[in-house]
Amino acid sequence: MVIVLSAVAAALVFEGWTTHQVSAAQTRTACTSPVPKAADDGDPVLSITGDKVETSAMPARTVALTYDGGPDPVWTPRLLGLLREHDAHATFFLSGAQAARHPDLVRQIHAAGHEIGSYTYTGADLGSVSARRAGIELSLTQTVLAGTAGVDTRLLRLPHTTQADTLCGGEWTAARRAAADGYLLVAADRPFRKPEQGVVRQFSHTSTAYQETEKLLGNRKIEKFTTVTAGLAQPPANAPVFSLDRQQGKGLVWVQAAGHVFVNAMTWVLGIAGSLAMLRLLMLVVFARAHIRRLDRFRPGAPRLREVNGPVTVLVPAYNEEAGIESTVRSLLASTHRHLQIVVIDDGSTDSTAEIAERIRDPRVTVVRQANAGKAAALNTGLAHTRYDYVVMVDADTVFEPDAIHRLIQPLAHAAVGAVSGNTKVGNRRGLLGRWQHLEYVFGFNLDRRMFEVLECMPTVPGAIGAFRRDALMGVGGVSEDTLAEDTDLTMALWRAGWRVVYEESAVAWTEVPTKLGQLWRQRYRWCYGTLQAMWKHRRAVFEVGPSGRFARRGLSYLALFQILLPLLAPIVDVFAVYGLLFIDSAQAIGVWVGFLLVQMVVAGYALRLDGERLRTLWSMPFQLFVYRQLMYLVTIQSVVTALLGNRLKWQRMQRSGSAADQLPRGRERKEVLPG
């Protein structure tokens, strides 16, 4: 991941510098001192050795045609064709950045016998940049010429200069530095000098240049159209390079090409990803409102259906949960639904979990011990001790509100409903990490569940709070041990068996979340990896009919798109966002980021309101985008890589502190949310 992101960042920085820093260097600074008199005699070619300046001009009836800044994909081929028709040669002062984008044109120029000079890499005004930047501009151009045409050059035309007398102030300083590196400086003759007197003419790669060249080539008074060095009877300016230099040049061309392609591709990806993200937010709001409107009319378990008052078996799998097991069991015993069987399955704990549970003297509590075999096996052991038709599964770090069990089982009044997801809230939310997870539970998980219910594609009944029909569980063979996300795997299996899964937002349980980044990483890594396993296991449901196929085509597609694909692209998108901030339009980049953040905060505020939570938690949301989001993306990437490599991830346990009930009194005082 580091290698990929580093390569992408390097390519983007290079592309940004060569593409968007060009315009930043186009403004020429005013002259602070005149050009030396020795260089101001009207001759366009300058050779500078120390303080000595020698100037040269074309002989009579000789024209050196020069073209600056290309190659251009439109006009360079036309100019080459025109020169070929008249058997004329010219000097092309090429921009390194343009040469890297169009290496074939550089090779065509060289193969046709034309001379190649340097116009710097980005066309920057060397008189207004640092000496270091000027050196980089020249060396990169030489590297690109080595990679494209296999040559270097000793000719240089300083950008934004015309005649030699314009090499004043900073330009003259830059000219002297370049001459010290062996460059021959080439300017142009004054426009009023007649071609038959011998001139160096300066053009760009444009239609005007084509027309002016065609006019000159038709001048019968000219005997020779040639290159700069040939016109001065000097050795050729281009010399072959060593193989190593050529390979370095090819590498540079590849880097710039990759950066250019990547920028163009990411522009489309950003547009698509941004549209999908906004579509998701819109869907969450629309379906959340639809979910509220249907509560009293179409929802299974609504008042028009019978009230469920039957006995309930509660399964509490536990492994080293001594910090919170007592709070969990006592919250269940305080339930308004009195007819309970509570089965605590101690999965080979090495602490006093089982002893603490056994000290709770209540006939409704049964403690079952087994050798450590994992959560799924513990739940199956609990199912073997189940006496009642309704089963509630509870994590051992979760505290139930008194009415949670009764509310949770009400949707089971509808015969088609096989499982019900409750509303999981974060108990230990006082720290910044806790607040971030609180926002994720409310804004992400719970708002998603409202949408999933309306679309009939609920992918997960959380292990913290979920109700099931016992016959539905037995019909799918109990809780599968095939994946690490046993709750997701079980939910998908129920859909494939023809059962419906719904969400009961009024059934609230308070869970303990990780308080350290390392713990959070391990928890989410297991969740994400287990979800990938479950999705792969149930992938064939996409081709099935009925509730199974409907769930798969909607739910699995949603998970694949928004919880796997987009997170995989997210780190590169973040790098590209920094690229936009540095090189394109920082105000626009910041505006887009702030706008999207505001939309997210509005939707998150709506989710908090639906859950009866206070809006003041929203202040932490902007900070979530700088640490928490990147952590979740990297978890997804690691999970996908682990799955692709075929590695098996072991069960990982979080260190508990028994703080799930920190917010329980406040939760009991929460206000009911009216429909709409």
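Fair warning: this is a prediction, and the values are worked out from it, not measured in the lab.
Expressed to the nearest 0.5 Å, how far CZ of Phe400 lies from CD1 of Ile465 amounts to 4.0 Å. One finds the CG atom of Leu561 at 12.5 Å from the CG atom of Leu556 (value rounded to the nearest 0.5 Å). A distance of 9.5 Å separates CG of Asp347 from CG of Asn320, quoted to the nearest 0.5 Å. Distance check: Leu473 CG to Trp499 CH2 gives 9.5 Å after rounding to the nearest 0.5 Å. Atom CG of Leu532 and atom OG1 of Thr636 lie 8.0 Å apart (nearest 0.5 Å). Note that CG of Asn446 and OG of Ser421 are 7.5 Å apart. Values are rounded to the nearest 0.5 Å.
Looking only at distances, a side-chain donor or acceptor of Arg539 sits under 3.5 Å from a matching main-chain atom of Trp536. Side chain of Gln410 to backbone of Val308: a donor-acceptor contact under 3.5 angstrom is found. In this structure, the side chain of His406 does not engage the main chain of Ala507 through any donor-acceptor pair within 3.5 Å. Thr336 contributes a side-chain N or O that, together with a main-chain N or O of Pro402, makes up a donor-acceptor pair within less than 3.5 Å. Side chain of Ser331 to backbone of Thr328: a donor-acceptor contact under 3.5 angstrom is found. Looking at Gln437, its side chain does come within 3.5 Å of a backbone N or O of Leu433 through a donor-acceptor pair. Although no hydrogens or angles enter the test, the distance criterion places a donor-acceptor pair under 3.5 Å between the side chain of Gln533 and the main chain of Leu484. A donor-acceptor pair is defined here as one N or O able to donate and one able to accept, closer than 3.5 Å; such a pair exists between the side chain of Arg364 and the backbone of Arg338. Judged by distance alone, with hydrogens and angles left aside, the side-chain atoms of Arg500 form no donor-acceptor pair with the main-chain N or O of Glu456 at under 3.5 Å. No donor-acceptor pair closer than 3.5 Å links the side chain of Thr398 to the backbone N or O of Val394.
Between Leu559 and Pro459 the shortest side-chain heavy-atom distance falls below 4.5 Å. Residues Asn428 and Val513 form a side-chain contact, since some pair of their non-hydrogen atoms from C-beta on lies under 4.5 Å apart. By the 4.5 Å heavy-atom criterion applied to side chains, Arg524 and Leu520 are counted as neighbours. Using a 4.5 Å heavy-atom threshold, the side chains of Glu453 and Phe287 count as separate. Residues Met393 and Pro317 form no side-chain contact, since every pair of their non-hydrogen atoms from C-beta on lies 4.5 Å or further apart. Counting only heavy atoms from C-beta outward, the side chains of Val461 and Leu490 never approach each other to under 4.5 Å. Looking at Leu439 and Ser620, their side chains come closer than 4.5 Å, going by heavy atoms from C-beta outward. The closest side-chain heavy-atom distance from Asp448 to Tyr503 is not below 4.5 Å.
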Could you walk me through whether His339 and Tyr388 pass ring pair (Phe, Tyr, Trp, His ring centres under 6.0 Å), step by step? CA-CA 10 Å; His339 200 167; Tyr388 304 131; 5.3 Å; yes
The test is salt bridge (charged side-chain N to carboxylate O under 4.0 Å, His left out); show your working for Asp611 and Lys425 and say whether it passes. CA-CA 9 Å; Asp611 260 24; Lys425 290 179 177 287; 3.4 Å; yes
Candidate pair Tyr441 and Thr511, rule side-chain hydrogen bond (donor to acceptor under 3.5 Å, both in side chains), full reasoning: CA-CA 10 Å; Tyr441 271 67; Thr511 189; 5.3 Å; no
Would you check, one step at a time, whether the test side chain to side chain contact (heavy atoms under 4.5 Å, CB included) holds for Phe551 with His538? CA-CA 11 Å; Phe551 152 75; His538 298 283; 5.5 Å; no
Candidate pair Asn380 and Glu481, rule side chain to side chain contact (heavy atoms under 4.5 Å, CB included), full reasoning: CA-CA 10 Å; Asn380 286 327; Glu481 300 180 38; 4.1 Å; yes
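The aromatic rings of Phe562 and Tyr558 sit tilted, their planes meeting at an angle between 30° and 60°.
Pairing each heavy atom of Leu447 with each of Ala607, the nearest pair is CD2-CB, 3.9 Å. Minimum interatomic distance between Arg450 and His291 (heavy atoms only, all atoms of both residues): NH1-ND1, 3.2 Å. The two residues Leu455 and Arg550 have their closest heavy-atom pair at O-CG, 4.5 Å. Minimum interatomic distance between Glu321 and Ala396 (heavy atoms only, all atoms of both residues): CG-CB, 3.6 Å. Here the shortest heavy-atom pairing between Thr531 and Ala485 reads N-CB, 3.6 Å. For the residue pair Val502 and Met458, the shortest heavy atom distance occurs at C-CE, 3.8 Å.
A donor-acceptor pair shorter than 3.5 Å cannot be found between the side chains of Thr483 and Tyr529. Glu440 and Tyr628 are linked by a side-chain donor-acceptor pair at a separation below 3.5 angstrom, with hydrogens and angles left out of the test. In the model, Arg470 has no side-chain atom that pairs as donor or acceptor with a side-chain atom of Thr386 under 3.5 Å. For the 3.5 Å distance criterion, the side chains of His385 and Gln341 fail to qualify, holding no donor opposite an acceptor. Judged by distance alone, the side chains of Glu401 and Trp510 do bring a donor and an acceptor atom under 3.5 Å apart.
With salt bridges taken as basic N to acidic carboxylate O contacts below 4.0 Å, one links Lys375 and Glu486. Salt-bridge check for Lys537 with Asp489: passed, with a basic side-chain N closer than 4.0 Å to an acidic carboxylate O. Using a 4.0 Å cut-off between charged side-chain N and carboxylate O, Arg540 and Glu544 make no salt bridge.
For Trp619, the CH2 atom is densely surrounded, since the number of other residues' heavy atoms within 6.0 Å is greater than 12.
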